[in-house]
Amino acid sequence: MSKFVEVSQETQDVFNRVLEATLIPQWVDFKLLANNSQNELYIVKKLSELFEVLTDGLSIVIILNEEIFDSLEDDQKLLVFEEMLTGVVVNPNNDKISIEKYDFSTYSGMLDKYGDDKMIRLKETIITLFNEKKEREDLVKQSKKKSKNEE
């Protein structure tokens with residue numbers, strides 16, 4: 001089984017709604033995938049020109065830990081997608097796509113728009129959800145190990 005799977009239709013719909021509200025040109029083609037084993041909420045990757053040709057124009061792949069994402073509140077989900085798309089920059093002079101690195105564990109534009117309290121709360125919630133997931137996984141491993149040792 002591949003660790004990369006399609007995201008749910010609900011997640012895709014939220015992403016599409018946020019994408020439509022950006023200034024990113026419609027010709028920039030995104031693929032949203034889930035990988036619930038990754039230790040980051042999302043990864044944004046720009047594809048090389050070769051992959052763009054091989055995939056009929058796919059420009060950006062976003063890999064989302066959908067398990068963690070689904071545990072966020074609805075307004076936080078919108079913030080996450082807006083945050084990730086803030087880093088996708090298209091140069092209007094040559095249509096070159098680039099991915100900017102955030103400048104303060106988020107983008108200053110997000111801090112200006114939503115304030116540091118809301119963004120810090122989002123980041124803390126994500127960290128807590130990852131910690132809880134790890135604890136659950138550790139308990140399952142311990143349980144399996146205990147069962148195996150008792151045999």
Side-chain angles (χ1 to χ4, degrees), residues 1-48 51-52 55 57-90 97-151:
M1 182 173 126
S2 173
K3 66 181 181 175
F4 299 103
V5 296
E6 298 284 332
V7 296
S8 69
Q9 188 59 51
E10 179 183 337
T11 298
Q12 186 67 54
D13 291 344
V14 173
F15 175 78
N16 292 343
R17 192 169 70 234
V18 174
L19 178 60
E20 288 172 12
T22 70
L23 298 175
I24 298 171
Q26 290 184 349
W27 57 262
V28 178
D29 193 12
F30 288 85
K31 180 69 174 178
L32 192 57
L33 296 172
N35 175 2
N36 292 333
S37 65
Q38 72 185 21
N39 292 323
E40 298 173 73
L41 181 59
Y42 66 84
I43 299 169
V44 180
K45 297 223 178 245
K46 180 190 175 304
L47 297 179
S48 71
F51 281 108
E52 283 190 53
T55 59
L58 184 62
S59 310
I60 307 283
V61 173
I62 297 172
I63 306 164
L64 181 70
N65 185 315
E66 195 170 21
E67 179 182 342
I68 299 298
F69 181 82
D70 285 344
S71 299
L72 297 172
E73 297 171 10
D74 289 345
D75 64 325
Q76 291 177 321
K77 291 176 182 180
L78 295 172
L79 279 175
V80 167
F81 281 141
E82 186 173 340
E83 179 185 54
M84 73 176 61
L85 292 173
T86 298
V88 178
V89 178
V90 180
I97 302 168
S98 61
I99 306 295
E100 287 185 348
K101 293 290 183 188
Y102 45 77
D103 44 14
F104 175 72
S105 79
T106 188
Y107 299 95
S108 57
M110 293 294 291
L111 289 172
D112 290 343
K113 187 172 181 178
Y114 294 103
D116 56 349
D117 288 342
K118 197 166 193 174
M119 294 306 297
I120 289 170
R121 183 169 166 250
L122 170 66
K123 297 298 181 177
E124 289 175 346
T125 300
I126 292 167
I127 290 168
T128 300
L129 291 168
F130 270 109
N131 288 339
E132 289 171 354
K133 178 183 177 194
K134 176 137 178 48
E135 288 174 15
R136 286 191 306 271
E137 290 170 350
D138 288 346
L139 287 173
V140 169
K141 285 180 186 177
Q142 288 174 359
S143 175
K144 287 181 180 179
K145 187 175 182 179
K146 186 177 179 182
S147 295
K148 194 173 188 177
N149 287 339
E150 290 175 354
E151 291 177 0

Contact between [X] and [Y] at the side-chain level, heavy atoms closer than 4.5 Å - yes or no?
X	Y	value
Arg136	Val140	no
Val5	Glu66	no
Lys31	Ile62	no
Val80	Lys77	no

With distance as the sole criterion, is a donor-acceptor pair present between the side chains of Gln9 and Asp13 under 3.5 Å?
-> yes
Does a donor on one side chain sit under 3.5 Å from an acceptor on the other, for Asn131 and Glu135?
-> no
Can we say Lys113 and Glu83 salt-bridge, meaning some charged N sits less than 4.0 Å from an Asp/Glu carboxylate O?
-> no
Over all atoms of both residues, closest heavy-atom pair of [X] and [Y]:
X	Y	value
Val90	Pro25	CG2-CD, 3.7 Å
Phe15	Met84	CE1-SD, 4.4 Å
Lys46	Ile99	CB-CG1, 3.9 Å
Ser37	Asn65	N-ND2, 4.5 Å
Leu47	Phe51	CB-CB, 3.9 Å
Ile24	Leu85	CD1-O, 3.8 Å

Indicate yes or no for a side-chain donor-acceptor contact from [X] to the backbone of [Y] under 3.5 Å, with no hydrogens or angles considered.
X	Y	result
Glu73	Asp75	no
Glu100	Val89	no
Ser71	Glu67	yes

In Å and rounded to the nearest 0.5 Å, what is the [atom1] to [atom2] distance from [X] to [Y]?
X	Y	atom1	atom2	answer
Ile63	Asn36	CD1	CG	12.0 Å
Gln26	Glu20	CD	CD	8.0 Å
Ser98	Ile60	OG	CD1	8.5 Å
Ile97	Glu52	CD1	CD	5.5 Å
Ile43	Asn35	CD1	CG	7.5 Å
Leu41	Ile126	CG	CD1	4.5 Å

Around atom [atom1] of [X], are there more than 12 heavy atoms from other residues, nucleotides or ligands closer than 6.0 Å?
X	atom1	value
Glu10	CD	no
Leu139	CG	yes
Lys123	NZ	yes

Under the side-chain contact (heavy atoms from CB on, under 4.5 Å) criterion, do Tyr114 and Leu122 qualify, and how do the steps go?
-> CA-CA 11 Å; Tyr114 294 103; Leu122 170 66; over 6 Å; no
Can you list the steps and then say if Asp117 with Arg121 is a salt bridge (Lys or Arg N to Asp or Glu O under 4.0 Å)?
-> CA-CA 6 Å; Asp117 288 342; Arg121 183 169 166 250; over 6 Å; no
Mind running side chain to side chain donor-acceptor pair (under 3.5 Å) on Asp138 and Gln142 for me, showing each step along the way?
-> CA-CA 6 Å; Asp138 288 346; Gln142 288 174 359; over 6 Å; no
Verify side-chain contact (heavy atoms from CB on, under 4.5 Å) between Val44 and Tyr42, making sure each step is shown before the conclusion.
-> CA-CA 7 Å; Val44 180; Tyr42 66 84; 3.8 Å; yes
Test side-chain contact (heavy atoms from CB on, under 4.5 Å) on Leu19 and Val28 and set out the steps.
-> CA-CA 10 Å; Leu19 178 60; Val28 178; over 6 Å; no
Using the salt bridge (Lys or Arg N to Asp or Glu O under 4.0 Å) rule, take Arg17 and Glu82 through it: C-alpha gap first, then chi angles, then the decisive distance, then the call.
-> CA-CA 10 Å; Arg17 192 169 70 234; Glu82 186 173 340; over 6 Å; no
What is the ring orientation for Phe81 with Phe69, classed by angle as parallel under 30°, tilted 30 to 60°, or perpendicular over 60°?
-> tilted
